[in-house]
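Read the structure below first, then the notes.
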Amino acid sequence: MNVVEKTGTNPRRNAVDFDRFRLRRYVESLAAIGELDTRNEPIDLAGIADVMEGNHKAVLFRSAGPEKAELVGNIMGGRNRIAAAFGVKPGELLKEVQRRLRNKPDVFDVSRAEAPCQAVVLTGKDADITKLPVHLQHGADGGPYISATIDYVIDPKTGFTNVGLRRLMLRSEHETGIDLVAPSDLQAIYLANAAAGKPTPVSFVLGAHPIDHVAGVMRLPIDELGIVASLRDAPLAVVKCITNDIRVPADAEYVIEGYLDEKGHREPEGPYGEFLGYYGAVKRNPVFHVTAITHRADALFQTSTIGGKTLGRTDTAQLSALRTEVAIWHALQSAVREPVAVYATTSSGGAFNVRVAIRQRVPGEARNAIGACMGALANCKNVYVVDPDIDIFSDEQMDWAMATRFQPDHDLIVMSGMRTLPLDPSLPPGSRVGAKAGYDLTWPFGTGDRLEVRVPAPPTFAGKRFPSVEAALADGPKFFEELMTAVGSRDGREVVRTLGGLRDKLSLDRDGEGRYFIKSGPIK
């Protein structure tokens with residue numbers, strides 16, 4: 001990673017654009033493409049969740065709560081909005097993310113005086129987290145949750161910065177709960193520190209460009225500040241926090257600094273409406289202690305949508321889907337010769353149901369693809385593999401493939417006793433393993449050219465011209481469409497009459513695909 005220390009001369013410092021990847025600028029761009037629902041009227045914090053539930057757009061509240069704060073939510077609740085953040089069309093998103101992940105990261109430091117995220121600094125008693133416009137998201141939640149935070153923490157073993165996504169449940173003016181039950185890099189770092197009797201410093205960025213959230217769901221064994229820079233496709237300016245040594249993007253809206261105490265998983269956290277669309281139960285988790293809150297002078301607060309019946313239109317489902325697709329694509333590149341497309345359905349939480357299109361080069365590749373997907377991610381539960389002619393983003397085409405290209409006694413693969421996600425509500429209580437299913441919706445290898453499996457489509461009338469129907473037939477077997485094309489017919493009935501006259505004269509017949517041909521030449 002290319003890092004220029006803030007104590008040295010930084011030739012790029014004068015050229016830093018702190019607005020290019022600012023959340024507020026991205027929200028303004030959503031308005032320009034019709035993807036923003038702006039609410040100018042005052043609204044209580046209690047009304048925020050209802051407005052965002054199932055909303056097809058991002059929502060900007062101009063006057064939220066008694067402080068009349070600006071608050072935005074659901075900005076990543078549609079694949080088209082995430083694609084817009086990367087400057088591509090939705091169908092190009094996975095390819096673009098993969099391209100950017102190959103970028104060499106460029107990270108450099110700026111001073112605290114330069115960093116917009118530290119224009120306002122609150123420490124001690126002034127760092128009151130309950131003064132932020134945090135709202136109750138679901139009816140049975142354990143309290144108001146800050147749901148759009150990106151956590152930055154330094155791994156003492158490597159010195160690398162780890163980046164992830166966590167939620168924070170308000171407990172008091174200076175404390176929150178945090179979910180650290182599921183296996184993660186942050187959990188591993190915390191457990192090692194707690195075992196040594198040490199607290200774990202953490203800084204949470206709140207109010208960030210969607211690209212940074214995408215970086216937060218990636219998991220790679222490198223300094224993950226580099227992932228943020230690589231995915232931005234631009235140099236990343238970072239600044240050291242006020243009360244710890246963690247470096248965060250200098251263009252953030254808010255930064256919440258603090259530490260996880262070393263007392264372990266001891267305090268109740270939850271319930272909370274989870275990313276699978278159901279509540280997660282109360283858990284015992286560590287406590288996060290706030291030591292500082294810094295923010296821009298005109299900071300924009302951010303909240304994320306999570307859970308509920310409209311799961312596919314939530315921030316977390318869209319982010320999970322993109323992360324799943326990246327991981328599955330990498331696995332497929334080793335397992336099959338030619339993967340074509342990958343889609344993790346957001347209505348399944350972005351991980352449980354995965355659709356894959358491949359171009360089979362040798363027998364058995366569909367089953368190889370299924371095995372690769374099952375092994376790549378614990379969350380991947382149902383895998384559907386199709387041929388390239390099926391649009392995996394279309395529910396209609398996938399349903400059609402299931403109905404017409406699948407025989408359960410031959411094409412269903414079930415694997416049991418596999419590592420899975422404990423949050424899956426269909427698992428028996430306490431179970432850590434579960435079953436996975438693969439659905440081979442491809443044609444048996446080498447049989448995909450039969451007429452019976454070709455998809456009907458309107459005639460295109462593209463082909464060779466001839467002076468007559470008879471001359472066209474003398475050239476070789478022809479479909480009726482080809483005969484119309486041969487003589488430039490825009491009607492077809494005159495071709496029928498001509499064929500009727502030629503049937504006995506030329507001893508016409510039809511082959512197995514229905515093409516007309518001359519069987520034995522003219523009758524003498």
Side-chain angles (χ1 to χ4, degrees), residues 33-34 56 79-80 83 88-92 95 338-343 345 355-361 365-366 384-407 410-411 439-524:
I33 61 174
H56 289 270
R79 193 180 187 92
N80 53 336
V88 297
K89 297 177 181 179
E92 302 168 347
K95 182 178 180 180
E338 195 172 350
V340 174
V342 177
Y343 174 48
T345 64
R355 302 171 180 177
V356 174
I358 65 171
R359 184 172 286 106
Q360 295 193 76
R361 299 299 189 186
E365 285 201 312
Y384 306 82
V385 180
V386 298
D387 290 307
D389 65 309
I390 296 295
D391 179 4
I392 61 174
F393 292 94
S394 167
D395 292 343
E396 290 182 351
Q397 290 207 10
M398 290 298 298
D399 191 43
W400 174 52
M402 175 68 85
T404 61
R405 307 186 185 188
F406 176 75
Q407 286 295 321
H410 180 266
D411 298 322
Y439 302 82
D440 183 354
L441 311 183
T442 64
W443 297 121
F445 185 79
T447 67
D449 289 333
R450 294 173 294 133
L451 178 68
E452 294 87 345
V453 302
R454 296 181 199 167
V455 180
T460 59
F461 302 109
K464 192 175 179 181
R465 297 293 295 269
F466 293 88
S468 67
V469 171
E470 185 173 352
L473 290 170
D475 181 66
K478 297 287 187 295
F479 287 107
F480 191 86
E481 175 195 2
E482 293 177 298
L483 293 176
M484 287 182 64
T485 303
V487 296
S489 172
R490 300 300 297 172
D491 187 307
R493 290 173 294 177
E494 79 277 26
V495 176
V496 172
R497 290 189 285 267
T498 301
L499 288 173
L502 293 174
R503 187 164 285 112
D504 292 335
K505 176 185 175 182
L506 298 180
S507 186
L508 291 184
D509 204 346
R510 309 275 303 282
D511 65 15
E513 293 193 347
R515 295 177 297 181
Y516 294 86
F517 72 99
I518 300 172
K519 185 176 181 181
S520 57
I523 298 175
K524 302 294 186 179

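The model shown is predicted, which means the values in this text are computed figures rather than measured ones.
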Where [X] and [Y] come nearest, the two heavy atoms and their spacing:
X: F480; Y: V495; value: CE1-CG1, 3.7 Å
X: A472; Y: L483; value: CB-CD2, 4.0 Å
X: P388; Y: V340; value: CG-CG2, 4.2 Å
X: P90; Y: R79; value: O-NE, 3.5 Å
X: L441; Y: M398; value: CD1-CE, 4.2 Å
X: D387; Y: W443; value: OD2-N, 2.9 Å

Calculate, to the nearest 0.5 Å, the distance between atoms [atom1] and [atom2] belonging to [X] and [Y] respectively.
X: E365; Y: E338; atom1: CD; atom2: CD; result: 9.0 Å
X: L502; Y: E470; atom1: CG; atom2: CD; result: 5.5 Å
X: L499; Y: K505; atom1: CG; atom2: NZ; result: 12.5 Å
X: I518; Y: L473; atom1: CD1; atom2: CG; result: 5.5 Å
X: T485; Y: K464; atom1: OG1; atom2: NZ; result: 13.5 Å

Given T442 and D440, is the side-chain hydrogen bond (donor to acceptor under 3.5 Å, both in side chains) satisfied, shown in steps?
CA-CA 6 Å; T442 64; D440 183 354; 2.5 Å; yes

Would you say E513 and F479 make side-chain contact, with heavy atoms under 4.5 Å?
yes

Any side-chain heavy-atom pair of Y384 and M402 under 4.5 Å
yes

Under the ring pair (Phe, Tyr, Trp, His ring centres under 6.0 Å) test, residues paired with F406 that sit two or more places apart:
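Result, ring pair (Phe, Tyr, Trp, His ring centres under 6.0 Å) vs F406: Y439.
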
Kindly check if the number of other-residue, nucleotide or ligand heavy atoms within 6.0 Å of CZ (R361) is above 12?
yes

May I ask you to decide whether R355 forms a salt bridge with D395, counting only side-chain N to carboxylate O separations under 4.0 Å?
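So R355 pairs with D395 through a salt bridge.
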
Pairs touching residues 397-407 that satisfy side-chain hydrogen bond (donor to acceptor under 3.5 Å, both in side chains), sequence neighbours left out
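Listed once each, the pairs are D389-R405.
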
On the ring face of F517, is R510 found with NZ or CZ under 6.0 Å from the centre and within 45° of the axis?
no

